[in-house]
Amino acid sequence: EDQVTQSPEALRLQEGESSSLNCSYTVSGLRGLFWYRQDPGKGPEFLFTLYSAGEEKEKERLKATLTKKESFLHITAPKPEDSATYLCAVQPGGNEKLTFGTGTRLTIIP
Amino acid sequence: DAGITQSPRHKVTETGTPVTLRCHQTENHRYMYWYRQDPGHGLRLIHYSYGVKDTDKGEVSDGYSVSRSKTEDFLLTLESATSSQTSVYFCATQTHSYEQYFGPGTRLTVT
């Protein structure tokens, strides 16, 4: 059974204080690992897809990395507008279903 | 943005009544999904569709049915709503590169 565990559940940072969110996973033959951002009252917003260990993707202050067992979402010099819940999901090969983690709620304090 | 709309956006209904939620997409994506999101559980797959009239169950399908008569529309029906089905429901579509894009959600309250 595919499993995704995200940590920490919640994280409070001062503006400009860099940190990382963790997504640990077990999946039979990874097709892709996906990161989403979700603001309160809205649907998840797609951020990145990572397909293989060693791959990295960047977007503004966010950088996602992937190993065979986990993915990290690094946030560099965050701003208050980066406050959101960040979700991680995995999709096994040959399967069109995603398994989601429960997310990390990130708060950036001005 | 995959051009996904959901209706209604909010609904309050009574226990035992049938409820239908609608998802409409404008991108002609083959795959469409229905999820529910609850505190502590994250997003869980209810049903998904891989083409017109082709559907399959997800991990929490009991009490729900779906239909897809056109590529652009995917309906979720709660046959007899229960309080445990109070949740936020999201529709999603999947691109050719396996990225799923989500609609704005429907908040359903069953009293």
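Chain identifiers are assigned alphabetically (A, B, ...) following the order of the sequence lines, protein sequences preceding nucleic acid strands; residue numbering begins at 1 within each chain. These values consider heavy atoms only, across backbone and side chains, with no hydrogens, waters or symmetry-generated copies.
One distance of note links OG1 of T106(B) with CD of Q6(B); it measures 4.5 Å at 0.5 Å rounding. The distance from atom CG of L75(B) to atom OG of S49(B), rounded to the nearest 0.5 Å, is 10.5 Å. With rounding to the nearest 0.5 angstrom, the CD1 atom of I4(B) is 13.0 Å from the CD atom of E72(B). Between the CD atom of Q94(B) and the CD atom of E96(A) there is a distance of 5.0 Å, given to the nearest 0.5 Å.
Partner of S71(A) under the side chain to side chain contact (heavy atoms under 4.5 Å, CB included) criterion, out of N22(A), L21(A), V4(A), L66(A): L66(A) alone.
Contacts of L45(B) with chain A are made by side-chain atoms alone, with heavy-atom separations under 4.5 Å and no backbone atom involved. At a 4.5 Å heavy-atom cutoff, the contact between Y35(B) and chain A is made by side-chain atoms alone. When heavy atoms are compared at a cutoff of 4.5 Å, Y98(B) approaches chain A by way of both its backbone and its side chain. Within the 4.5 angstrom heavy-atom criterion, only side-chain atoms of Q38(A), from C-beta onward, approach chain B. Heavy atoms of Q91(A) lying under 4.5 Å from chain B belong exclusively to its side chain. With a 4.5 Å cut-off on non-hydrogen atoms, Q100(B) touches chain A through its backbone and its side chain both.
Nearest heavy atoms, E99(B) versus Y36(A): C-OH, 4.4 Å.
A side-chain donor from one of T20(B) and T77(B) sits under 3.5 Å from a side-chain acceptor of the other.
For the set A89(A), G103(A), G43(A), the entry with the most heavy-atom pairs within less than 4.5 Å of chain B is G43(A). Between chain B and the options R31(A), K97(A), E45(A), the largest number of non-hydrogen pairs under 4.5 Å is found for R31(A).
Side-chain atoms of Q25(B) come within 3.5 Å of backbone atoms of T71(B) as a donor-acceptor pair (strictly under, hydrogens ignored). A distance-only check finds no donor-acceptor pair linking the side chain of E27(B) to the backbone of T95(B) [under 3.5 Å].
Listed in order of number, the residues of residues 52-68 of chain B that approach chain A to under 4.5 Å between heavy atoms are K57(B).
Between L108(B) and T13(B) the shortest side-chain heavy-atom distance falls below 4.5 Å.
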